[in-house]
Each structure stands twice: as C-alpha cells, then as structure tokens.
Amino acid sequence: MKVHLQELVKAALHDLVSAGVFDLALPESIAIDRTRDASHGDFACNIAMVLARAARCKPRDLAEKVVAHLPKSDRVEKVEIAGPGFINFTLTPAAYHSVVGDIVEAGEAYGRSDIGAGKRVQVEFVSANPTGPLHVGHGRGAAYGATVADLLAAVGFQVHREYYVNDAGRQMDILATSVWLRYLELAGETLTFPINGYKGDYIWDIAADLHCGHGDSYRHATADVFNAIPADEPAGGDKEDHIDALIMQAKKLLGEEGYLTFFDRALDVILSDIRQDLEEFGVVYEEWYPERSLVSSGKVDAAIAQLKKSGHVYEQEGALWFRSTDYGDEKDRVVVRDNGIKTYFASDIAYHWHKLNRGFDRVIDIWGADHHGYVPRVKAALTAMGDKEDADRLDVLLVQFAILYRGGQKAQMSTRSGEFVTLRELRDEVGNDAARFFYVMRKCEQHMDFDLDLAKSQSNDNPLYYIQYAHARVCSVLRQMDEKGLSYDQGSGLKSLNLLEESHEQALLRTLSRYPEVVEAAALNHEPHQLVHYLREAANDFHTYYNAHQFLVDDGALRDARLTLIRAARQVIYNGLGLLGVSAPESM
RNA sequence: GCCCCCGUAGCUCAGCAGGAUAGAGCGUCCCCCUCCUAAGGGGAAGGCCACACGUUCGAAUCGUGUCGGGGGCACCA
C-alpha cells in the first residue's frame, strides 16, 4: 500500500518537474507514514514540507499542485491537505477488504516476506559458560535471541543459530576441581572448600554420580591434596592463587586421564542440562560450537599469527599484547600471558575471525550488557586482521539485566553463591509462554523488572492472557456456531466483505493490514517488543469489536463476512504469537 | 576518571531513520451481560516528555552540556 502511494506521489512530482512548474531534483525516497489520528486519513505524506524550500514555494501551495497531478487510483477514496502541508490519503474500504483475502490465502505465511533475500545471518546467543545451570539472566538472552532469529527467518533471511561453548579455559578447570573436591568429601575426606569453587547443589550431584561409578579410586588424602597449597582468602591468602594451586594439584594427583574423567563428566552433565533446558524453552540451535575444537584445530594459533602479521602486536614483560589503541580502544590488551597461557580474548578473536570467514553475510552476537566494554576490542582485532568491512559485518546486541521481583523482593542470581534463581525454576513457576513473552516485552536495552506475580496472574493485568484470550474467543465463537447449527462459507464471506461497514470493523481491518510492516520492522530493528505491542493492539481491536457487535447473526452473508474477518484476526494473532514462541490456546 | 544503557501520567512502559491536540496497561472514579467465555467493553481524571542550550519551517525524537538511576572498566573467564 505504501509503495502504491509512493508511486502516485512520484508520478505527480515527475509531471510537475517535466512540465517545468518546478525546477528541482526528484527526491530519492518519498516518506509515506501511517497517521496517528484517524481524522488525518490512513496515510500521510510530508513531501511538500520537505521540498518547499528547494521549490521556493509555500508547503501548502506545493501540496495542492502535487494533489492536482496525482494519478487516479481505485484504492484511494480521498486526498486532503492538512496542517502545515501534509497530504493525507484516505483509502477506500475495498482497499482494506483485500487484506482479509490476503490473510486467508497466505494463512500461516501471512506476514512473512523475502526482503532478507536469502542472505545468511548467524545469530549467536546465550553461550553461557557450561559451569552451571542457566539462570534468569541467561533466560532473557535466550528468549530475545530466539525471537530475533525467528523474526529474521520470517522475513527471508537464512538464519544460523549458534551457541558458543566455552569448554576450555580456567573456569572449566575450577569446575572440574570443584567436583573432585566434593567427591573427596563424599569419599570421607574432611576439607575446607575453596571460596572460589562452585558450590551449587549440582556439583554434589555430579560428584555423587562419579563416586557411585568409580568408588574411591580417585581418592587422595586431604593432607596430600592441600600439601603446599597457598592459603585461601578467609585464611588470609589470595583466593585466585589458592584455586589455581588446587587445579594444578588435581591435575598432578589424578593424572591426565583421571582429571579428564572429572572434567568431561562435569561438562557433559551441565551442557546436556543446558541444552535440555533451552529445548524445553523452545530455543533450538543449528550448531553448538565448542571452544576446544577451536584450540585443538589450531585456529587460535592461526588467529594470533594473523594478528602478528598485521603488525599491531608487540611483546612486553614476557606477554604478547595487541595494540588495540591503534583502533581507538582505551588501552592495549594481552593476548598471551607471561606464563604462556592464551587469554580468553585470544580465543574470542579466533572465534570471531573464523565466524566471519564462514560465509555469513551478517553476524549477530547477543551479549549481556556487562560485556559492552568488550565490543571495541573484538572489533579492533577483527579490523586489524582483515579489513574494516569484515568487522562491520558483526553486530553486537547488548541485553540489559532482568531483575526478578517476587512480592517486591529482589531475587539473587549469582552463579557462585549457589542461591540463584535458575531459568528452569522460572519456567516451572510462570510457564514457558509467560517467560518467553515477558522477556521480550521490553526492548533489550531497557533494564527489566520481571514481575513474577504478574506473569503468573490469570487476569486482565496480564497482557499475555489478554492476547491469548482474543485467540481463544474466536475459537469459541466458531464452536458456538457449530452448536447452534449455523453454517459458514468462506467463499461467500470473502465476496461479502463490502458488508463490513462498522467503524470497529474498519479499525480491525486497518490493524490487520499493518501486521506485515510490524514483523518487518521488528525483524530489521531486532525489536521483538514491537510485535508484542502490536498484538496487544490487535487483541484490543478484536475485543472491542466483540463487545460491540454480534458475529453469529441471522443474515447469512453478513455472518460469513464477519466470521471471515475474525478468522483472519485469529490467524494474525496465531502467527504473531508463534513468532514470539508463545502458544495460541483454543480455549481458556 | 573513562565507556555503555536508561530518565515520558501515581506505578510499569510504548512512541525516538523529526512532523499535525504526547499513547497503552495497571491503579483511582463512573457505566455496560434475558446477548458468541465480564480472563471482556465504554468513559473520566491524571504529563513544563529530568533540566539547559543548539540544529530545523517543525524536537519527547537529532547534537552538546548538566543532574539523577543502573551496569562495565584485569597478564579473570
């Protein structure tokens, strides 16, 4: 529709210029916007104000000339000039009636498009360290990432969803060591658990499982384990030195094979738990990309070599530094520590470098907002290694924290304390639908207060129920129709749409026609919340209509028309909820 | 100190590639079922869009600065 109006205006301007009325360059694009107020018609064009200066003409006069030269269109009922020089278009009812046909014809595909033109987009999200169950902070990234990915797929992008598994590095060693220490306790040893170890119940579970399977074969006396280990923090030492020494001790006492038994089991159990959790949440991936494969295949070394080749690398005090300040970072960053261990930054560079070389047109990372300082240095490295355009293909979307409130009380979410609220607990409490919906209700850069009581409430306070109820209500009407022995004929309904003359019907039609634009905007701007708000409006239009008019009327043609309309509304709500990963119940 | 996000109705938030009287939900106050689920609908009250300058025909929207809230600034991952 917008395109149609743009063409009309363009044609009018072309006429005016070629007739020599104005001497100006035709604008690249002509803005046609939905009006906010129905008294301004359906669409408005501001072109007269934009061109007024160049045309040396008052906006309203210019607008009048444009209107006079507009080609005729059967979809436009009237054109008015208003305010400072807006050209307002009011569409004919027939123009809106065609929307119903479009929806009926497209069904579940209504709202989908191919503007993505099959371009390959990778969306990497969650990627939480496999050191414990997902908590509610990860949940927001999961819901947001999954929805953004689905939206992009809906508008024609070829989407590759990926979870980067940080299964190498120090945190994993701390995990393996934590499990071993718990195992020792189960085997009968008495020890003081390190302050920096993982203390969650799931560590005990994994340890118990291993103790069950292997008995005491990995048992060592506490005295040997803690022999020559520097003191932990409560004892006046450094907690980092303490845990690092314990890791070394575990590797030494257990040997490579024994150590890997603990390491692999912990990783397996936790990763499959995460995978299952996400699957139950409706979040699935095309690929789980292990950091270990990056290391073992030599990609990290290759990346470092590439970085060296760029000339932006130097050695200082035994460490290898990347001069990221050359690219506007505030300080240089270490890539290889003086003890020879590569930093997390090194594998991250390698991962992203490799990602950009995997043939994606666009790469989207979804990170927690606490990582924002990381963006410039990753981009700096990619720019140094390739060219600027490579780095520009990477979009990093930062998701702010979600804070849970239960009865006004803030919930803990520290992975280390063992007293966090897990995603699974949240899902059990409010259900998958409410969790998915509430997480994407706010734009991602907005700090979010997640009100558990509201998400659980089955009342009109809860926007999710309001939308789902609209869907269920249509289903209910159709059930009533059967019970009353009334007939419905879609073909007749489509032919009788001209009977839909009520203002409520016009309003609903107008809203339904917007759906494809909303999906497109939500996808391209990575803003699922736009779809949430739209669905609420659509549900509102439907509920209002429901209250104002009877659908199951005696007049067969009118009944067919109205039922066709509300079935179209149901389809749009169904499609929209589907994109949000939320169910559309047939009865409530 | 530097960087990121936020500051719109009592509360939670839309609106922000500039546009015509600033919107919704909740809460408050009225009203609507002999009728397809009242888990609904209609109406009222409620705002110097944090503040100040600037750009513009036009600023909640763009720019700069100030103030307030949240977060981040390791040879950790």
Side-chain angles (χ1 to χ4, degrees), chain A residues 29 31 33 35-37 39-40 44 46 49-50 52-53 58-59 82-86 88 129 131 166 168-174 196 240 244 291 316-321 329-331 333-345 347-348 368-376 398-401 403 405 441-449 451 454 457-466 468-470 472-481 483-484 486 504 525 529-530 532-534 536-537 539-540 542-553 562-563 566 587-588:
Chain A
S29 67
D33 290 311
T35 58
R36 220 182 298 173
D37 188 327
S39 71
H40 297 138
N46 66 354
M49 278 114 82
V50 174
R53 175 174 282 189
K58 284 182 188 165
F86 288 103
N88 292 337
N129 285 349
T131 52
N166 290 119
R170 181 160 172 270
Q171 291 305 320
M172 290 306 296
D173 284 323
I174 295 176
N196 234 6
E240 306 294 346
D244 280 339
E291 182 184 0
Q316 186 180 309
E317 292 165 26
L320 193 69
W321 293 73
D329 198 4
E330 54 194 21
K331 71 185 284 269
R333 309 291 172 178
V334 172
V335 177
V336 184
R337 292 204 265 159
D338 57 5
N339 59 10
I341 293 174
K342 298 173 190 83
T343 60
Y344 181 87
F345 181 45
S347 37
D348 238 15
D370 52 338
H371 286 75
H372 93 267
Y374 216 72
V375 179
L398 300 171
V399 179
Q400 294 290 335
F401 291 133
I403 300 163
Y405 284 90
M441 203 163 67
R442 305 274 172 253
K443 53 185 172 205
C444 69
E445 63 264 34
Q446 183 76 248
H447 297 124
M448 183 170 66
D449 296 336
D451 186 338
L454 178 61
S457 84
Q458 306 211 347
S459 74
N460 54 352
D461 305 3
N462 186 334
L464 171 60
Y465 278 86
Y466 185 85
Q468 288 181 319
Y469 181 42
R473 246 183 172 173
V474 176
C475 295
S476 173
V477 169
L478 297 173
R479 281 194 298 271
Q480 284 286 322
M481 181 193 76
E483 280 169 27
K484 291 184 176 174
L486 293 168
H504 293 100
N525 299 319
H529 76 274
Q530 289 193 27
V532 171
H533 287 278
Y534 168 83
R536 212 202 171 277
E537 277 176 57
N540 182 38
F542 169 75
H543 286 309
T544 306
Y545 179 36
Y546 178 96
N547 268 270
H549 299 285
Q550 195 76 10
F551 306 142
L552 299 175
V553 291
R562 287 188 171 168
L563 290 179
I566 65 168
S587 68
M588 292 171 73

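Here is how names work: the chains are called A, B, and so on, in the same order as the sequence lines, proteins then strands, and each is numbered from 1.
- Residue ring and nucleobase are stacked for A:Phe86 and B:rA20, with a centre distance beneath 5.5 angstrom and an angle between planes beneath 30°.
- As rounded to the nearest Å, B:rA59 and B:rA52 have P atoms that lie 14 Å from one another.
- If A:His533 and A:Asn540 are placed on RNA chain B by their nearest nucleotide, the residue sitting closer to the 5' end is A:His533.
- Judged by distance alone, the side chains of A:Ser347 and A:Glu291 do bring a donor and an acceptor atom under 3.5 Å apart.
- Looking at A:Arg562, its side chain does come within 3.5 Å of a backbone N or O of A:Gln550 through a donor-acceptor pair.
- Taking the C1' atoms as reference points, B:rC49 lies 15 Å from B:rG18, given to the whole Å.
- Formation of a donor-acceptor pair under 3.5 Å by the A:Asn462 side chain with backbone atoms of A:Leu464 is found in this model.
- Side-chain contact between A:His529 and A:Lys443: present, with at least one pair of heavy atoms (C-beta onward) separated by less than 4.5 Å.
- Phosphate contact (OP1/OP2 of B:rG25, side-chain N/O of A:Arg536, threshold under 4.0 Å): absent.
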Go through the steps to decide whether A:Arg536 and A:Tyr466 satisfy the test side chain to side chain contact (heavy atoms under 4.5 Å, CB included), and finish with yes or no. CA-CA 7 Å; A:Arg536 212 202 171 277; A:Tyr466 185 85; 3.7 Å; yes

Grab the N/O contacts between the protein and nucleotides 28-30 of chain B below 3.5 Å, and write none if there aren't any.
none

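- Summarising the geometry, the separation between CD1 on A:Ile403 and P on B:rU12 is reported as 12 Å, rounded to the nearest angstrom.
- If you take CG of A:Leu454 and P of B:rC26, they are 11 Å apart, rounded to a whole angstrom.
- Of all nucleotides listed (B:rA39, B:rC13, B:rC36), B:rC36 comes nearest to the side chain of A:Gln480.
- With a 3.5 Å ceiling on both atom-pair distances, the Watson-Crick or G-U wobble partner of B:rG7 is B:rC67.
- In this structure, the CD atom of A:Gln530 is 7 Å from the P atom of B:rG15, given to the nearest Å.
- Nucleotides B:rA20 and B:rG58 place their P atoms 14 Å apart, quoted to the nearest Å.
- Geometric assessment of A:Arg473 against the ring of A:Tyr546 yields a positive cation-pi assignment under the 6.0 Å and 45° thresholds.
- Between the C1' atom of B:rC36 and the OH atom of A:Tyr545 lies a distance of 12 Å, rounded to the nearest Å.
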Would you give a per-nucleotide map of nucleotides 71-77 of chain B, 5' to 3', where B means the base has a protein non-hydrogen atom under 4.0 Å away, S means only the sugar-phosphate does, and - means neither? BSS-BSB

Stepwise side chain to side chain contact (heavy atoms under 4.5 Å, CB included) test for A:Gln446 and A:Gln400: CA-CA 6 Å; A:Gln446 183 76 248; A:Gln400 294 290 335; over 6 Å; no

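- Among the protein residues, A:Ala472 comes within range of the nucleic acid bases, having at least one heavy atom under 4.0 Å from a base atom.
- B:rC2 and B:rA60: their P atoms are spaced 30 Å apart (whole Å).
- Residue contacts shown for A:Ser476 include a base, since a base heavy atom lies under 4.0 Å away.
- Residue-level contact check: A:Ala44 touches the bases, meaning some heavy atom is under 4.0 Å from a base atom.
- When the P atom is used for both B:rA50 and B:rA14, the distance is 14 Å, rounded to whole Å.
- The CG atom of A:Leu464 sits 13 Å away from the P atom of B:rG40 (whole-angstrom rounding).
- Between A:Thr544 and B:rG42 there is a side-chain polar atom (N or O) within less than 4.0 angstrom of OP1 or OP2.
- If you check B:rG27 for Watson-Crick or wobble pairing at under 3.5 angstrom, you find it has no partner at all.
- Checking B:rA20, B:rG42, B:rA39 against every side-chain atom of A:Tyr469, the shortest atom distance belongs to B:rA39.
- With P as the reference atom, B:rG10 and B:rC62 are 24 Å apart, rounded to whole Å.
- Contact check for A:Gln530 versus A:Asn525: side-chain heavy atoms found under the 4.5 Å cut-off.
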Distance-only donor-acceptor pairs under 3.5 Å for side chains of residues 335-343 of chain A, two or more places apart:
| unit_1 | atom_1 | unit_2 | atom_2 | d |
| --- | --- | --- | --- | --- |
| A:Asn339 | OD1 | A:Ile341 | N | 3.0 |
| A:Lys342 | NZ | A:Asp301 | OD1 | 3.4 |
| A:Thr343 | OG1 | A:Val334 | O | 3.1 |
| A:Thr343 | OG1 | A:Val335 | O | 3.2 |
| A:Thr343 | OG1 | A:Phe345 | N | 3.4 |
| A:Thr343 | OG1 | A:Ala346 | N | 3.3 |

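- The pairing partner recorded for B:rG1 is B:rC73, the criterion being a Watson-Crick or G-U wobble arrangement whose two distances lie under 3.5 angstrom.
- A 3.5 Å limit on both hydrogen-bonding distances identifies no Watson-Crick or G-U partner for B:rU21.
- Counting any heavy atom pair closer than 4.0 Å across all strands shown, A:His504 reaches no nucleic acid atom.
- Across the interface with RNA chain B, nearest-nucleotide mapping of A:Thr35 and A:Asp449 shows A:Asp449 to be the residue nearer the 5′ end.
- Nearest nucleotide to the side chain of A:Gln446, out of B:rG41, B:rU12, B:rC6: B:rC6.
- Counting any heavy atom pair closer than 4.0 Å across all strands shown, A:Gln550 reaches a base atom.
- A:Asp329 comes within 4.0 angstrom of no nucleic acid atom, judged by non-hydrogen atoms across all strands.
- At the heavy-atom level, A:His40 lies under 4.0 Å from base atoms of the strands shown.
- To the nearest angstrom, C1' of B:rU37 lies 6 Å from CZ of A:Arg473.
- Relative ring orientation between A:Phe542 and A:Phe551 is described as tilted, the plane-to-plane angle lying within the 30° to 60° band.
- At B:rG15, one or more side-chain N or O atoms of A:His529 fall inside 4.0 Å of OP1 or OP2 (strictly under the cut-off).
- Out of B:rA20, B:rG15, B:rG25, the shortest distance to the side chain of A:Asn88 is found at B:rA20.
- The closest donor-acceptor contact from the side chain of A:Thr544 to the backbone of A:Asn540 lies under 3.5 Å.
- Set against B:rC6, B:rU37, B:rG42, the side chain of A:Tyr546 has B:rU37 as its closest nucleotide.
- Annotation: B:rC29 and B:rG71 have their P atoms spaced 37 Å apart (nearest Å).
- Judged by Watson-Crick or G-U wobble contacts below 3.5 Å, the nucleotide B:rA59 has no partner.
- Residue A:Gln468 has no polar side-chain atom (N or O) positioned under 4.0 Å from OP1 or OP2 of B:rA39.
- In this structure, a donor-acceptor pair under 3.5 Å is present between the side chains of A:Glu240 and A:Asn196.
- Closest to the A:Asn547 side chain, of the nucleotides B:rG41, B:rG19, B:rC6, is B:rG41.
- Per the geometry, OH belonging to A:Tyr466 stands 17 Å off C1' belonging to B:rC13, to the nearest Å.
- Looking only at side-chain heavy atoms (C-beta outward), A:Phe86 and A:Thr35 stay at 4.5 Å or farther from each other.
- Distance check on atom C1': B:rA24 versus B:rU8 gives 13 Å, rounded to whole Å.
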